[in-house]
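No hydrogens, no waters, no symmetry mates; every other heavy atom, side chains included, goes into these values.
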Amino acid sequence: MARAGLTPERLTRAGAELADEVGFDQVTVSALARRFGVKAASLYAHVRSSQDLRVRIALLALEELADRAADALAGRAGKDALTALANVYRDYAREHPGRYTAARMRLDPETAAASAGVRHARMTRALLRGYALTEPDQTHAVRLLGSVFHGYVSLELSGGFSHSAPDSQQSWDRVLDALDALLRNWPAPTVP
């Protein structure tokens, strides 16, 4: 019998909070059961496994990020949109480090196709239309933006920029300036 008050949604949210506190890789059904003061077996009526719980947290994180990005991008174009999207990822990672890690989880193709990850891709491509990029350059640019945003945020969160001047915010602003300049002057493909 399912314990009163426990639902998949409540467990997912609690798991996301736990991920932010202790790290996404530490989230298990057993750890979540300890948080609720119940036996792990009582949670299996709501989640199939620790992997299922992690997938649910990843889907929640992708949804939260997509909602924030949609709000931030509304009515913006060009560098303004680029900066807004970049700041959504950076701010979310700072506020929710475990969920941010979860959003990077590799999902099976069917789950990924039904996730808010699709919204992320659409919003990024919409932003890139303001830079007049067409395929395949648009795909290259999507990958570039994701790599730069994630790489910078990951290094910043691990303390990689805290040991020297200038301030990390100044570097972030310059990185966004450089990305904007690159996207406005996208290079022609090299001929092998």
Can you list everything that forms a side-chain hydrogen bond (donor to acceptor under 3.5 Å, both in side chains) with [X]? Sequence neighbours excluded, please.
| X | result |
| --- | --- |
| T111 | D108 |
| D177 | K79, R174 |
| R184 | D180 |
| D67 | R119 |

Kindly write out the residues that satisfy side chain to side chain contact (heavy atoms under 4.5 Å, CB included) with Q169, not counting sequence neighbours, or none if the list is empty.
-> R90, D167, W172, D173
Residue pair P97 / D20, side-chain heavy-atom distance below 4.5 Å |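 The answer is yes; the side chains approach within 4.5 Å.
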Test item: L107 and L59 side chains (from C-beta on) under 4.5 Å apart, heavy atoms |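 Yes. Closest side-chain heavy atoms under 4.5 Å.
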Check A84 against A72 and note the closest heavy-atom contact, atom names and distance.
-> CB-O, 3.7 Å
Distance-minimising heavy-atom pair for V88 and A69 = CG1-N, 3.9 Å
Tell me every residue that passes salt bridge (charged side-chain N to carboxylate O under 4.0 Å, His left out) with [X], counting only those two or more places apart in sequence or in another chain.
| X | value |
| --- | --- |
| R56 | D52 |
| E21 | R35 |
| R143 | none |
| R129 | none |

Kindly write out the residues that satisfy ring-ring contact (aromatic ring centres under 6.0 Å, His included) with [X], not counting sequence neighbours, or none if the list is empty.
| X | value |
| --- | --- |
| W186 | none |
| H150 | Y100 |
| Y131 | none |

Will you find, in the side chains of Q138 and T134, an N or O donor that is under 3.5 Å from an N or O acceptor?
-> no
R54 side chain to T28 side chain, donor-acceptor N/O pair below 3.5 angstrom = no
Heavy-atom donor-acceptor pair, S162 side chain to G159 backbone, under 3.5 Å | yes
